[in-house]
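Each remark here refers to the structure printed beneath this line.
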Amino acid sequence: MSPLLYYALPTLGSYVLLSIFLLRRPRLLHTPWVPAFCPRLGAHRGGSGEKLENTMEAMENSMAQRADLLELDCQLTRDGVVVVSHDENLLRQSGVNRDVGSLDFEELPLYKEELEVYFSPGHFAHGSDQHMVRLEDLFQRFPRMPMSVEIKGENEQLIHKIASLVRSFDRSEITIWASEKSSVMKKCRAANPEMPFCFTISRGFWLLLLYYVGLLPFIPIPEKFFMCFLPTIINRTYFPFSYSGLNQLCAVVSKWLIMRKSLIQHLEQRGVQVIFWCLNEESDFEVAYSLGATGVITDYPTALRHYLDNHRAAA
């Protein structure tokens, strides 16, 4: 055996064993985050499978099902009002080909009478309430309800207005910053550093890399939430690419990479809550919770409440 291998192999073996040991016992190195709330049932766009997405009626319906988290997106109107809307352009939601930012709040059109549920293709939601709502209205109506606010674009005015609203309603601990982009998240954290925040896409890949090379147990994690799609919904309710071949490849690769119980348990032990989206079938609820996830975000809060209540009764 060469001198290099003589020293390298025992060192590598010791590193692997130590990494595995600390992966299972992360509290030996890290003080876990203490959660301000535990979101078992999250309502996607306020519960967009049962009522028109992001309306007050949808939020009320989800609250009736004892939701623990309202997931929503925000846009900014021309007159500076923060409104709850997934899309910047209103064509899909209202049939009006205008951007939210090109209209004053009072000019915003009503939602269509029915909207297709994005994560349940072919299914449509209806509701008597077709009005877009202000984020401020939600904070007033549900002052202690945890909410996840996703920022899609690099609109600093929007970010600072949301940060200011969160402070004025004294809800920094129960309002989550969410964004796919690290550049946007950096601005969100600067605007209100007291709010917990999620992994971005690039940070999620970094997390997986650290996990697979064995460094994750040694690295601090500032995020308090890991919100991730459940790979098993690809090709069934979630189609990230326009080509079926790419979707199939994504399903196989992401399932192999993400659905690791040891990874999820490690995050949970460090106080990082794992939440899978957007799950609308009982079989997917079962997969997510069996992996050790904190919670699930769904379009159908009634179905998830039914599952959770039955599961608790059977336990």
Side-chain angles (χ1 to χ4, degrees), residues 43-63 69-118 124-172 174-181 183-192 195 299:
H44 181 243
R45 303 184 194 178
S48 62
E50 298 178 7
K51 300 293 180 182
L52 294 177
E53 64 183 55
N54 291 322
T55 59
M56 189 66 77
E57 184 179 36
M59 310 291 177
E60 295 276 7
N61 178 68
S62 295
M63 293 295 291
L69 177 72
L70 297 177
E71 187 277 339
L72 45 93
D73 312 86
C74 288
Q75 308 289 344
L76 193 66
T77 64
R78 184 173 56 194
D79 54 343
V81 177
V82 180
V83 294
V84 181
S85 173
H86 179 270
D87 301 354
E88 166 64 15
N89 185 274
L90 296 165
L91 184 61
R92 176 190 67 87
Q93 299 170 176
S94 303
V96 177
N97 191 17
R98 295 285 298 274
D99 288 349
V100 173
S102 70
L103 298 169
D104 291 344
F105 177 71
E106 296 298 334
E107 298 173 326
L108 292 174
L110 297 175
Y111 282 115
K112 296 176 181 177
E113 292 183 356
E114 67 173 19
L115 289 173
E116 186 173 22
V117 184
Y118 184 83
F124 293 84
H126 305 81
S128 58
D129 182 3
Q130 296 174 250
H131 295 86
M132 294 179 67
V133 298
R134 302 183 304 169
L135 182 63
E136 183 177 0
D137 294 331
L138 287 186
F139 286 175
Q140 288 178 339
R141 180 67 185 86
F142 312 115
R144 303 315 303 162
M145 180 64 184
M147 299 182 194
S148 171
V149 180
E150 182 172 357
I151 311 299
K152 297 188 177 297
E154 301 200 25
N155 187 330
E156 292 194 45
Q157 185 183 7
L158 171 64
I159 292 169
H160 282 281
K161 281 186 173 290
I162 292 172
S164 178
L165 280 171
V166 169
R167 285 196 184 96
S168 66
F169 281 89
D170 191 25
R171 49 175 299 122
S172 291
I174 59 171
T175 309
I176 307 167
W177 283 126
S179 180
E180 294 181 348
K181 301 177 182 178
S183 59
V184 175
M185 185 60 74
K186 183 178 179 180
K187 294 174 181 177
C188 292
R189 294 180 63 189
N192 188 335
M195 291 169 57
D299 289 308

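The model shown is predicted, which means the values in this text are computed figures rather than measured ones.
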For Y118, the ring-ring contact (aromatic ring centres under 6.0 Å, His included) test, sequence neighbours excluded, returns none
CG of L69 to OG of S62, rounded to nearest 0.5 Å, is 10.0 Å
Is the side chain of W177 donor-acceptor paired with the backbone N or O of N192 at a distance under 3.5 Å, no angle test? yes
Checklist line | Test side chain to side chain contact (heavy atoms under 4.5 Å, CB included) applied to L76 and V81, step by step | finding: CA-CA 6 Å; L76 193 66; V81 177; 5.8 Å; no
Residue set satisfying ring-ring contact (aromatic ring centres under 6.0 Å, His included) with F142, at least two apart, ordered chain then number -> none
Practice item. Take V133 and N54, measure what side chain to side chain contact (heavy atoms under 4.5 Å, CB included) needs, and give me the verdict at the end. Key: CA-CA 8 Å; V133 298; N54 291 322; 5.8 Å; no
Sorted by chain and residue number, the salt bridge (charged side-chain N to carboxylate O under 4.0 Å, His left out) partners of D129 (sequence neighbours excluded) come out as none
Student check: side-chain heavy atoms of I151 and C188 closer than 4.5 Å: yes
Separation between CE (M132) and OG1 (T77), nearest 0.5 Å, reads 9.0 Å
Checklist entry - Does the side chain of M185 reach to within under 4.5 Å of the side chain of E180, using non-hydrogen atoms? => result no
Exercise for review: For residues I176 and M147, determine if any side-chain heavy atom of one lies less than 4.5 Å from a side-chain heavy atom of the other.
Suggested key: no
Separation between CG (L138) and CE (M59), nearest 0.5 Å, reads 5.0 Å
For the residue pair Q93 / S85, report whether a side-chain donor-acceptor contact shorter than 3.5 Å exists.
yes
| field | T55 side chain to K51 backbone, donor-acceptor under 3.5 Å | value | no
Heavy-atom side-chain contact between I174 and R144 under 4.5 Å:
yes
For residues 160-171, the side chain to side chain donor-acceptor pair (under 3.5 Å) pairs (sequence neighbours left out) are R171-T175
Hits for side chain to side chain contact (heavy atoms under 4.5 Å, CB included) against S183, two or more places apart or cross-chain, chain-then-number order -> E154, K181
Q) When you look at V100 and L90, which way does the side chain to side chain contact (heavy atoms under 4.5 Å, CB included) test go after all the steps? A) CA-CA 7 Å; V100 173; L90 296 165; 3.7 Å; yes
Residues at least two apart in sequence or cross-chain that pass side chain to side chain donor-acceptor pair (under 3.5 Å) with Q130, listed by chain then number, are none
Practice problem: Kindly say whether G101 contributes a backbone atom to a donor-acceptor pair with the side chain of D99 at under 3.5 angstrom? | Solution: no
Residue set satisfying side chain to side chain donor-acceptor pair (under 3.5 Å) with N155, at least two apart, ordered chain then number -> none
Sorted by chain and residue number, the side chain to side chain donor-acceptor pair (under 3.5 Å) partners of E50 (sequence neighbours excluded) come out as N61, T302
Applied to residues 131-140, the salt bridge (Lys or Arg N to Asp or Glu O under 4.0 Å) test, sequence neighbours excluded, yields R134-E136, R134-D137
Test side chain to side chain contact (heavy atoms under 4.5 Å, CB included), reference C74, set I162, I159, L165, output is I162
Around E150, counting heavy atoms of other residues, nucleotides and ligands shown, do more than 12 lie under 6.0 Å from its CD? yes
- Query: Going through the distances and angles, do S179 and K152 end up as a side chain to side chain contact (heavy atoms under 4.5 Å, CB included)?
  - Reply: CA-CA 6 Å; S179 180; K152 297 188 177 297; over 6 Å; no
Next on the checklist: So D299 and E53, do their side chains get closer than 4.5 Å, heavy atoms only?
Outcome noted: no
- Determine whether M195 and V149 make a side-chain contact, defined as any pair of heavy atoms from C-beta on separated by less than 4.5 Å. no
Could you pull out all donor-acceptor pairs under 3.5 Å where a side-chain atom in residues 108-116 meets a protein atom, sequence neighbours excluded?
{"residue": "K112", "atom": "NZ", "partner": "R92", "partner atom": "O", "Å": "3.2"}
{"residue": "E114", "atom": "OE1", "partner": "H126", "partner atom": "NE2", "Å": "2.7"}
{"residue": "E116", "atom": "OE2", "partner": "G122", "partner atom": "N", "Å": "2.7"}

To the nearest 0.5 Å, atom CZ of F105 lies from atom CG of D79 at 8.5 Å
All heavy atoms of S148 vs all of A178, minimum pair found to be OG-CB, 3.7 Å
Notebook entry, point to check: Between V82 and L158, is any pair of side-chain heavy atoms under 4.5 Å apart?
Noted result: yes
Residues passing the salt bridge (charged side-chain N to carboxylate O under 4.0 Å, His left out) test with R78, sequence neighbours excluded, are D104, E107
Residue set satisfying side chain to side chain donor-acceptor pair (under 3.5 Å) with S94, at least two apart, ordered chain then number -> none
With a 4.5 Å limit on heavy-atom distance, are the side chains of L70 and M145 in contact?
yes
